[in-house]
Amino acid sequence: MRSKIFIALAVILFAAGELFAHGTGFKVSELKAVSLEFFYSTGEKMSYREAKVFSPKDSKFAIQSGRTDENGRFAFTPDSIGQWRVIVRDEEGHQCTAEINITEEQLANHGKNIINAQSDSPEGLELFIRALLGVSLIFNLALIIRRHHAH
Amino acid sequence: MHISEGILSGGMLITGWAGSCAGLAIGLKKTDMNKITRTALLSSGFFLASLVNIKLGPSSTHLSLLAPMGLILGWGVFPAVFIALLLQALLFHFGGLLVLGANNFIMSISSLIIYILFGRLIRDSSNKILVTTLAFISGALAVIIAAFLVGLFLTLSDSNFINAAKLIVIAHVPLALIEGLVTSFIIAWLKKSAPEFLS
């Protein structure tokens, strides 16, 4: 009888242990996430767009995927040094790639967010200059073809 | 409406480039070199139209002017769109160089279909209401055809894109209506002020 009670108790304890093992929990992480903001060249935010994070170890398979928030923000927590890539794209083919270089110092210094992201698309004056350059190139090309044809 | 780099399969990239090269060859052969400035003007318009954002609820899109380009340039739309897309990829990072063939094929063929369907009707008609209506339909239809082709290229690359393809077509319906309005204004103005552009 004693042995049966002992076995029953062991089973209950094991089951309880399993239950705890499948439970959930959370804690506020001490790691500092890299938070990025994505936007179009016009300044408009890239809201609710598909985002993928590629670690320096594997450039083919995303280790994290999701969507930007209403303000075009997306955050991830790097755990190794090297070049991290975050690609955000919309359904129309616009794509922004943020390349973040994580150094050993930055990884060790979780308390300070000192990472500088670079904008992928031109904006403001640079956008205007590039648009002007594009139109100029098209008309110059047409002029060259026309002269060549005339000769 | 540009497809991004790294999405299409190798087969669809090759298909896009093959269609694009064939269209470019015919387009360059059929383009009147004395009217190359017209091609440059429309190519510039297409190049800059991508910077005009239109708010559609929580999302936004940009003009394409596919129908006016097709109706004015005919086969010449292939080189005009190609140059504009190449510069958009290099200067604005829209689309990409590998996917340039597919993007050019999708947009140019949509314009060309509009030219074949409506070009002569619009050119020969003197009825203002009929011309405006046809121009509206051609503007809207060009966007829908292009969106459908984008969806088709995506689905043929990977069948998992089928839902995204459906969404792309649905999402472009409001833009189609806007493009229809813009096209009807442009064509009505050209018929009145510069009908030689449609000849």
Side-chain angles (χ1 to χ4, degrees), chain A residues 38-50 52 54 59-60 62 67-72 85 87-98 118-124 126-151, chain B residues 1-7 28 31-48 50-53 55 58-62 64 79-80 83-84 86-96 99 102-103 106 147 150-151 154 161 164-165 167-172 175:
Chain A
F38 293 89
F39 46 84
Y40 292 102
S41 50
T42 52
E44 189 193 349
K45 292 158 185 169
M46 293 183 81
S47 313
Y48 307 118
R49 301 302 183 200
E50 183 194 19
K52 285 185 176 176
F54 297 88
S59 60
K60 283 187 180 172
R67 283 190 179 271
T68 56
D69 68 7
E70 188 185 1
N71 296 309
R85 277 188 311 132
I87 299 177
V88 171
R89 57 165 64 117
D90 66 14
E91 289 81 7
E92 289 170 22
H94 301 119
Q95 178 177 300
C96 183
T97 305
Q118 286 181 336
S119 171
D120 194 40
S121 292
E123 54 178 319
E126 195 189 342
L127 178 73
F128 177 75
I129 290 168
R130 285 183 187 218
L132 207 64
L133 174 69
V135 173
S136 167
L137 283 170
I138 291 169
F139 276 97
N140 274 294
L141 183 67
L143 207 69
I144 291 165
I145 293 170
R146 202 171 172 178
R147 276 187 187 170
H148 180 74
H149 183 68
H151 283 298
Chain B
M1 209 179 286
H2 307 65
I3 300 176
S4 294
E5 206 78 283
I7 290 179
L28 285 169
T31 301
D32 182 354
M33 291 303 164
N34 294 316
K35 292 176 183 172
I36 194 77
T37 321
R38 182 184 297 180
T39 310
L41 184 73
L42 283 152
S43 186
S44 302
F46 181 86
F47 170 73
L48 292 176
S50 63
L51 299 177
V52 181
N53 269 295
K55 272 266 184 195
S59 181
S60 77
T61 186
H62 55 73
S64 64
I83 293 294
L86 175 68
L87 289 171
Q88 282 178 354
L90 292 174
L91 298 172
F92 302 146
H93 306 159
F94 292 166
V99 80
N103 279 331
I106 288 167
V150 167
L154 291 174
F161 280 131
L167 270 176
I168 286 169
V169 176
I170 294 165
H172 278 84
L175 176 68

Heavy-atom cut-off 4.5 Å, strictly under: side chain, backbone, both or neither for B:E5 against chain A? backbone
Does any backbone or side-chain atom of A:I138 lie under 4.5 Å from a heavy atom of chain B? Answer side chain, backbone, both or neither. both
Closest non-hydrogen contact found for A:V135 with B:S44 is CG1-OG, 3.9 Å
Interchain contact, B:L41 with chain A, by part (heavy-atom threshold 4.5 Å): both
Heavy atoms from other residues, nucleotides or ligands near CZ of A:R146 exceed 12 (cutoff 6.0 Å): no
Please round to the nearest 0.5 Å and tell me the distance separating atom CD1 of B:I36 and atom CD1 of A:I144. 11.5 Å
For B:F47 and A:R130, which heavy atoms make the closest approach, and how far apart are they? CZ-O, 4.1 Å
How many angstroms lie between CG in A:L141 and OG1 in B:T39, if you round to the nearest 0.5 Å? 10.5 Å
For the CZ atom of A:F139 and the OG1 atom of B:T37, what is their distance to the nearest 0.5 Å? 7.5 Å
How long is the straight-line distance from OH of A:Y40 back to CZ of B:F94, given to the nearest 0.5 Å? 9.5 Å
Interface moiety of B:L87 toward chain A, non-hydrogen atoms closer than 4.5 Å: side chain
